[in-house]
Amino acid sequence: MAVLLLAESNANGLNRDATARAITAASTLGEVTVLVPGAGAAEVAGISGVSRVLTAEGDGVAHGLAEPLAALIIGMAADYSHIVAPSTAMAKNVLPRVAALLDVMVIPDVIAIIDADTFERPVYAGNAVQTVKSADATKVLTVRTAGFAAAADGNTAPVSPAPEAADPALSAWVADHIADTDRPDLTSARIVVSGGRGIGSEENFALVANLADKMGAAVGASRAAVDAGFAPNDWQVGQTGKVVAPDLYIALGISGAIQHLAGMKDSKVIVAINQDEDAPIFQVADFGLVGDLFTIVPDLTSKV
Amino acid sequence: MKVLVPVKRVIDYNVKARVKADGTGVDLTNVKMSMNPFDEIAVEEAVRLKEKGIATEVVAVSIGVKQAGDTLRTAMAMGADRAILINVSDDAGTDIEPLAVAKLLKGVIDAEQPGLVIAGKQAIDNDMNATGQMLAALLGWGQATFASKVDVEGDTLRVTREIDGGLQDITMTLPAIITADLRLNEPRYASLPNIMKAKKKPLEEKTAADYGVDITPRLTVMKTVEPAGRTAGIKVASVDELLAKLKAAEVL
Ligand SMILES: Cc1cc2nc3c(=O)[nH]c(=O)nc-3n(C[C@H](O)[C@H](O)[C@H](O)COP(=O)(O)OP(=O)(O)OC[C@H]3O[C@@H](n4cnc5c(N)ncnc54)[C@H](O)[C@@H]3O)c2cc1C
Ligand SMILES: Nc1ncnc2c1ncn2[C@@H]1O[C@H](COP(=O)(O)O)[C@@H](O)[C@H]1O
């Protein structure tokens with residue numbers, strides 16, 4: 001069986017971690033060809049488990065636009081039994097479109113691969129896990145990266161251009177607004193420090209950021225903190241934001257709604273700091289500290 | 001321009017889903033059901049376009065059990081003008097896959113000819129995040145998923161999308177499909193007079209056969225289980241104790 005894997009890459013570069021984790025998942029299904037839109041082909045060619053790298057250029061594909069990327073993948077699909085990508089915003093935009101064009105059902109957020117047709121995926125905000133068996137000729141799936149280890153380096157796979165495909169020109173890229181940061185990526189960080197509504201303001205979020213920076217951690221947020229404008233949208237952890245599973249997750253002023261837990265309850269160790277001793281977050285926390293975060297967090301930051 | 005909004009009846013977002021002991025699915029008996037929260041945002045956006053004079057009519061569509069008619073009444077109480085219910089099942093536990101939903105919606109769109117479709121980004125029951133994208137593919141239309149800002153200028157759509165790392169601006173020509181993300185707007189509550197008025201708005205009932213669509217699932221759910229649970233740990237009394245525990249757990 002042959003697998004086509006859509007790398008998490010764009011004009012600005014490659015998300016190596018997400019791509020390498022998806023490669024681990026894809027390798028269990030067959031020989032892996034990686035399609036790299038935008039930059040990063042050489043880096044992907046160095047990842048173990050990759051048999052071949054195909055590159056694609058152009059404004060649309062290099063900015064993750066669904067229509068040209070789907071057209072590109074459809075042009076190549078006949079050669080593959082599986083089309084796989086890490087569960088990122090880009091892949092969630094593109095792969096359902098690919099699946100519909102192939103008249104197959106997409107299988108999103110796979111957490112375990114049972115065999116070539118059978119997969120496990122969470123539903124209902126992670127409160128249930130389904131085992132689904134696909135009857136479709138081509139399997140189109142996205143994989144939750146937290147469930148798979150990143151493939152190591154140590155390869156020199158051949159790189160060549162992907163077959164050309166016409167851009168249907170149904171949409172046009174205008175601009176990306178991406179914050180520059182030296183912090184680790186939220187979905188691959190070893191430690192994540194997240195703030196919720198309890199942080200109170202955008203200025204106060206510096207408390208969260210300072211602790212994170214001292215620990216070399218990524219910063220996350222609850223939906224309430226993002227909606228209130230305390231934190232940018234891409235920091236949202238949860239059912240409808242990012243799913244993280246770091247070694248250590250620290251929740252500051254977060255109550256622990258079902259939707260938030262869905263995004264972090266697979267973390268190895270969870271710490272919660274909240275002034276409400278009955279907050280549901282304490283039901284999943286390994287270590288809870290009840291108290292005012294405005295006194296606890298500065299103390300923690302100075303001692304860590 | 002006519003705007004079409006697909007709305008799904010799902011478990012209320014405040015309810016924690018319980019897996020049936022025999023592994024056959026999630027227990028939905030006597031569970032509170034509501035409009036999928038992302039679809040409330042989609043309806044709100046469509047109604048605002050009508051209030052701005054950009055949309056001429058807002059049509060809500062739901063595919064599911066007969067009770068999805070209540071969800072459509074809610075959409076009409078929020079401001080949708082009329083509704084179409086495609087009755088496909090008698091059992092609330094039967095989920096219709098996004099591919100089948102997209103094919104049925106395509107049937108509705110071929111008949112209704114809307115200029116814009118605004119769907120939710122994700123149904124909070126199956127967590128698929130797929131229907132809008134699949135529908136766009138079947139229609140050969142452009143798609144703007146995870147929208148947090150929408151502007152319509154003539155037949156051009158400007159959309160800001162929530163992506164990994166930040167935001168993305170794209171433009172599209174109509175007709176097109178948008179999927180609504182959380183920050184697009186804050187949906188209104190339906191007022192009592194509007195709830196009363198909604199009872200008189202037209203609700204047309206259809207079946208899958210009316211559109212000649214085969215809704216047989218492509219994915220067979222072999223079993224549904226509860227995930228490995230987490231048990232509550234301990235409360236620590238101070239920052240020093242917390243740090244000692246984290247060092248002992250080898251995460252610091
Ligand atoms: C469709 C949908 C999707 C959603 N998706 C997500 C998602 O992906 N991610 C997500 O997070 N949420 C999501 N939500 C929202 C979710 O339901 C909750 O509303 C949200 O998680 C609450 O955020 P919070 O815990 O920060 O705020 P709150 O629930 O308001 O909790 C604030 C907490 O801070 C504590 N606090 C306040 N002041 C202090 C202080 N000085 N010191 C210590 N503690 C303090 C309080 O005791 C409280 O527990 C979604 C909701 C819907 C409807
Ligand atoms: N049965 C349905 N009836 C009406 N709309 C639906 C249905 N299923 C999905 N949708 C629409 O598609 C969106 C995404 O759903 P999903 O792809 O299932 O996560 C929802 O927010 C709705 O707008």
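Letters go in sequence order (proteins before strands), and every chain restarts at 1.
Within the 4.5 angstrom heavy-atom criterion, only side-chain atoms of B:L243, from C-beta onward, approach chain A. Using a 4.5 Å cut-off between heavy atoms, B:T231 touches chain A through its backbone atoms (N, CA, C, O) alone. With a threshold of 4.5 angstrom between heavy atoms, B:A102 does not approach chain A through any atom at all. Using a 4.5 Å cut-off between heavy atoms, A:A70 makes no contact with chain B at all. Only the side chain of B:I11 has a heavy atom closer than 4.5 Å to any heavy atom of chain A. Both the backbone and the side chain of B:Y13 come within less than 4.5 Å of a heavy atom of chain A. Residue A:L261: no heavy atom, backbone or side chain, is found under 4.5 Å from chain B. Using a 4.5 Å cut-off between heavy atoms, B:K103 contacts chain A through its side chain alone, with no backbone atom that close. Neither the backbone nor the side chain of B:R18 comes within contact range of chain A; no heavy atoms are under 4.5 Å apart. Using a 4.5 Å cut-off between heavy atoms, A:V271 touches chain B through its side chain atoms alone. With a threshold of 4.5 angstrom between heavy atoms, B:V19 approaches chain A through side-chain atoms but not through N, CA, C or O.
Rounding to the nearest 0.5 Å places CD of A:Q259 at 9.5 Å from CG of B:L182. The distance from atom CG of B:D151 to atom OG1 of B:T171, rounded to the nearest 0.5 Å, is 12.0 Å.
Between the side chains of B:Q122 and B:D127, a donor-acceptor pair is found at a separation under 3.5 Å. Using a 3.5 Å distance cut-off with no hydrogens or angles, the side chains of A:S134 and A:D117 do not pair a donor with an acceptor. B:N36 and B:E40 are not linked by any side-chain donor-acceptor pair at a separation below 3.5 angstrom, with hydrogens and angles left out of the test.
Both tests do not hold together for B:K245 against A:F287: distance to the six-membered ring centre under 6.0 Å, angle to the ring axis within 45°.
Between A:H63 and A:W173, the ring planes are parallel. Angles under 30° get that label, and only those over 60° would be called perpendicular.
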